[in-house]
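For reference, the structure discussed in these notes is given below.
These figures come from a predicted structure and were not determined experimentally.
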Amino acid sequence: MSFLAGLSDTQRRVVNHHYGPLLVAAGAGSGKTRALTHRIAHLIGKHGVDPAQILAVTFTNKAAREMKERLEILLAQSRFGQTWSTLSSVQQSQLQSQIHWEVTKELWIGTFHAVFARILRFDIDKFRDTEGLTWTKQFSIYDEADAQNLVKEIVTQELQIDPKRFEPKKIRWAISNAKNQGWLPDQLEANIESQRGQLTADVYRRYRKALAANNALDFDDLLLLSVQLLQQNQQVRSYWHQRFCHVLVDEYQDTNRTQYELIKLLVTDGKEPQMYDNWAGRSVFVVGDADQSIYSFRAADFTILMDFQEDFGDQAPDATTRTMVKLEKNYRSTATILAAANALISNNSERIDKVLRPTRGKGELITLTRYDSEIAEAEAVVHRLRAVKAANSNLSWGDMAVLYRRNAQSRAMEESLVRWGTPYVVIGGLRFYDRREIKDLLAYLRLLANPADTASLLRVINVPKRGIGKTTIQRLTDTANQLDTSLWDVVNDSKIVRFLCGRSAKRLLQFCELVNDLKAQVQTAALSELLQQIMEKSGYVSELIAEGTDEAEERRRNLQELVNAALQYQEENQESDLEGFLASAALSSDVDNKDTETGRVNLMTLHSSKGLEFPVVCLVGLEQGLLPSYQSLNSRASLEEERRLCYVGITRAKERLFLSHASERRLWGSTREAAMPSVFLSELPEALIQGDLPRGSKANLRGEHRLNRLAHIRRNRPSTALANAACHRKMEQDPSRNWTVGDRVTHASFGIGEITHTFGSGETISIAVKFVGMGSKILDPRLAPIELVNGIND
């Protein structure tokens, strides 16, 4: 079997690439995963590359699993020469398993965090910290909840600071941001010259020391310590450089500067990319789409992708370059949907010029609808979904998705779905591994793997309840601090326990006996068996059964699912060690929590929708202040990211796309606010849209027709003649007029008001006006029926 079969010409160019750098600018729905997977198979099957020399970095753990599974099927088909669909499920499983053990087991595929956590398991003992902190290879990985709890403890208990005055969450964010920039506490303090900066740096120092004392790393440390290790230790860096001859990175537009530094260190062995020319038997292959870069709030920097040609490539124009290929054929959406997406994204300036080209028919027009409120919008969307499903017997509820900008927007939609008995699921909610009972069991496992992990010990020492009180625990903690040792060393010393704990001593000693018995089985018992023993011997399951509530039963089922996860890990990993399983659980991120279901309508934010596709998509809340968000109106770069977010939403749709906005909306518990249609709606070609689109030009879509409709929803509104006159005056306004905080204006519907804020500038300016008796409104002064009050700024 040829690994080029069934690919387009451009996909074949991608797969055929062997040595050197290559950027694949892959549009939405262009088959990038297929091309990436076939390329790895081609390297192994055609060029004889050792799988152990290949490193593939994905954005999510789910993507890594799916890529590996596809690769194993490809290689199995190639080796055994049979069409996969003709084999029984048993035969398929056997062949895939054989390929796994013989070929792909040595291949590294995973997220940045998973890959470099694995590297640190080998080499963290060689890391030299500037503050003298040390970690062992048995380190724990703290998830975001663990990290926030530790910061909160430092702020409120060690420093005795009011958390309302100095929010632990904001401090944690500042520390994370510093780590993503490669800063240690001294550098953070130098870059934030204020009392708050000094205090944040102090918490940062204490936080690092606390992590080291627990032999733990947070997510940011997995990358930061890896960068520092590879920079400071040439022997370690050269080993991994020689190990990974072919480095492939998916979703390259979502990398941050620390991740980019790691790629450079592995690929060029510490040299600047422009100076590196030893590409014999080596390649760096990155896939991404600047038009789908929507994670700047996670420090993602799409300019890393934009600069690839300068850093690694030949710097030639797009038409002649040998180090960039564009995948522009779209296999997902109808031609109409793609034409709308292309028109929208063409308004962005920071992008690689490319056009999604349809491989499917024209399809139906996009439907645009205005509703009076978010409640009316939700009701109508639910009715529309029910009508579409009734008219298409081959559609299931899971083929439909409702996308929105903010999580809060799901409330009205959920209430309508419940009211009409329509099944739904909210995608991107609470992670499985964030559930209380799951974190409890994982804390037991972490304690077994790393007794120095005091946070895990404190979590389980009285779970289930053993009658070990806070006073006893504090006494033991104080003793550990005085002796400068771990809490476990104190708790596990029977003499100290009997001396300090009085009546609680017996219960503590029984707990230590349980933990020591379990520790003795870590090397011999299977993970799933170890979990079962913890659940039974600790009394955890017995306590849930005794509760006898529906919630307790649900928690018990979740624990069984954790056992299933351990069984799956054992099947997929020959060396199913405890540290590896804990790392896999800790690194399961919120972006992995995207399992859609065939039997329920999918509700999700636009950020959560990335990477998914649905036959029917309803994109709701297309209003100024929502999409684009208020915050983005101050910055061209931010506005372009909001446009990319809208583009991502549109390109999720395969067959039908429904767009909607409301004339007024209640958000964040405020009074109802008048809402303007999103500026992005005016960037869609009128010929592609049906529904509430007024006749005439795009200016009308954003202007008079919409504003007249807004006027109808307000009480005590002025006469129609006044509204029309104001609209007429508005059309005659000077577009270059400056609007200044403090200006007084008159509005055809809202009366007299004063400008309190301005957002953006030039043609993208919006203003916030506080009207007497009407509250604050966000307005586009080019479109709103407003004018300056006489005598002001004349």
Between the CE atom in Met535 and the CZ atom in Arg556, the distance rounded to the nearest 0.5 Å is 8.0 Å
Original post:
With a 4.0 Å cut-off, would you call Asp146 and Lys439 a salt bridge?
Top reply: yes
*asked:* Is the shortest side-chain heavy-atom distance between Leu458 and Ile473 below 4.5 Å?
replied: yes
The side-chain contact (heavy atoms from CB on, under 4.5 Å) partners of Glu554 (sequence neighbours excluded) come to Arg557, Asn558
message = Classify the ring geometry of Phe297 against Tyr295: parallel below 30°, tilted from 30° to 60°, perpendicular beyond 60°.
response = tilted
> Is it true that a side-chain atom of Gln232 and a backbone atom of Arg128 form a donor plus acceptor pair closer than 3.5 Å?
Replying inline: yes
Correct closest heavy-atom pair for Ala147 and Arg172 would be CB-NE, 3.6 Å
task = Would you confirm whether Asn180, through its side chain, and Asn256, through its main-chain N or O, come within 3.5 Å as a donor-acceptor pair?
result = no
Item to check | Donor-acceptor pair between Asp453 and Tyr142 side chains, under 3.5 angstrom | outcome: yes
Q. Please walk me through it: do Ile461 and Trp488 pass side-chain contact (heavy atoms from CB on, under 4.5 Å)?
A. CA-CA 10 Å; Ile461 197 169; Trp488 172 253; over 6 Å; no
Looking at Lys209, I'd like to know if its NZ atom is crowded, meaning that more than 12 non-hydrogen atoms belonging to other residues, nucleotides or ligands lie closer than 6.0 Å.
no
field: CD/Gln510: more than 12 non-hydrogen atoms of other groups inside 6.0 Å
entry: yes
Is the side chain of Ser226 donor-acceptor paired with the backbone N or O of Leu222 at a distance under 3.5 Å, no angle test? yes
Asn602 side chain to Val425 main-chain N or O, any donor-acceptor pair under 3.5 Å? no
Between the NZ atom in Lys264 and the CG atom in Leu230, the distance rounded to the nearest 0.5 Å is 13.0 Å
Separation between OG (Ser584) and OH (Tyr569), nearest 0.5 Å, reads 6.5 Å
Exercise. Mind running side-chain contact (heavy atoms from CB on, under 4.5 Å) on Leu229 and Ile124 for me, showing each step along the way?
Key: CA-CA 8 Å; Leu229 172 62; Ile124 197 170; 5.9 Å; no
Non-hydrogen side-chain atoms of Leu71 and Leu75 separated by less than 4.5 Å
yes
For this session: Evaluate the ring planes of Trp108 and Trp240, with Trp represented by its six-membered ring, and classify them as parallel (under 30°), tilted (30 to 60°) or perpendicular (over 60°).
Result: tilted
Just by distance, do the side chain of Gln570 and the backbone of Leu527 share a donor-acceptor pair under 3.5 Å?
-> yes
Minimal heavy-atom distance between Leu578 and Leu445, with the atoms involved, is CD2-O, 3.7 Å
Check your understanding: Does a side-chain heavy-atom distance below 4.5 Å link Glu536 with Val541?
Key -> no
Review point. For Val90, does its backbone N or O pair with a side-chain atom of Ser93 as donor and acceptor, under 3.5 Å?
Key: no
Side chains of Val14 and Leu7: closer than 4.5 Å at any heavy-atom pair? no
request  = Spell out, as yes or no, whether a donor-acceptor pair under 3.5 Å connects the side chain of Ser283 to the backbone of Phe285.
outcome  = no
For this session: Please indicate whether Lys169 has more than 12 foreign heavy atoms, meaning atoms of other residues, nucleotides or ligands, lying under 6.0 Å from its NZ.
Result: no
Could you check if a side-chain atom of Lys137 sits within less than 4.5 angstrom of a side-chain atom of Glu579, using non-hydrogen atoms only? no
Check: Is it the case that more than 12 heavy atoms not belonging to Glu543 sit under 6.0 Å from its CD atom?
Finding: yes
Closest heavy-atom pair, Phe614 versus Leu612, reported as atoms and distance to 0.1 Å, is CE1-CB, 3.8 Å
**Asked** Going by heavy atoms in the side chains, are Leu120 and Trp135 under 4.5 Å from each other?
**Response** no
Hits for ring-ring contact (aromatic ring centres under 6.0 Å, His included) against His113, two or more places apart or cross-chain, chain-then-number order -> Phe219
Is there a side chain to side chain donor-acceptor pair (under 3.5 Å) between Asp123 and Tyr239 once you walk through the steps? CA-CA 11 Å; Asp123 290 322; Tyr239 171 83; over 6 Å; no
Practice task
List the steps, then state whether side chain to side chain donor-acceptor pair (under 3.5 Å) holds for Glu561 with Asn564.
Solution key: CA-CA 5 Å; Glu561 187 57 34; Asn564 292 341; 3.3 Å; yes
Practice problem: Would you please say whether a donor-acceptor pair under 3.5 Å links the side chains of Glu251 and Gln253? | Solution: yes
In short, Tyr331 meets Ser30 closest at the heavy-atom pair CE1-O, 3.7 Å
Tested for side-chain hydrogen bond (donor to acceptor under 3.5 Å, both in side chains) against Thr104, the lone hit among Gln96, Glu72, Glu69 is Glu72
All heavy atoms of Leu266 vs all of Arg282, minimum pair found to be O-NH2, 3.8 Å
query = Are the charged groups of Asp250 and Lys32 less than 4.0 angstrom apart, N to O?
reply = yes
Sorted by chain and number, sequence neighbours left out, salt bridge (charged side-chain N to carboxylate O under 4.0 Å, His left out) with Arg466 holds for none
(message) Any heavy-atom pair between the side chains of Gln533 and Glu529 that's under 4.5 Å?
(response) yes
Point to revise | Check against side-chain contact (heavy atoms from CB on, under 4.5 Å), Thr134 and Asp129 | key: CA-CA 7 Å; Thr134 60; Asp129 183 70; over 6 Å; no
The reported gap from CD1 in Ile109 to OG1 in Thr37 (rounded to nearest 0.5 angstrom) is 7.5 Å
Mark yes or no for whether Gln259, through its side chain, and Phe112, through its backbone, hold a donor-acceptor pair below 3.5 Å.
no
Any side-chain heavy-atom pair of Asp125 and Thr136 under 4.5 Å
no
N/O donor-acceptor pair under 3.5 Å between Arg243 side chain and Ala52 backbone = yes
Nearest heavy-atom contact between Ala117 and Phe139 is O-CZ, 3.8 Å
Output for pair (Ser140 OG, Leu447 CG), nearest 0.5 Å, gives 9.0 Å
Derivation and outcome, side-chain contact (heavy atoms from CB on, under 4.5 Å), residues Leu562 and Tyr433: CA-CA 9 Å; Leu562 181 62; Tyr433 290 105; 4.0 Å; yes
One should read off an interatomic distance between Leu223 CG and Glu261 CD, to the nearest 0.5 angstrom, of 12.0 Å
Would you mind checking if Asp254 and Lys610 are paired as a salt bridge, meaning a charged N to carboxylate O distance below 4.0 Å?
yes
Side chain of Asp577, backbone of Gly580: donor and acceptor closer than 3.5 Å? yes
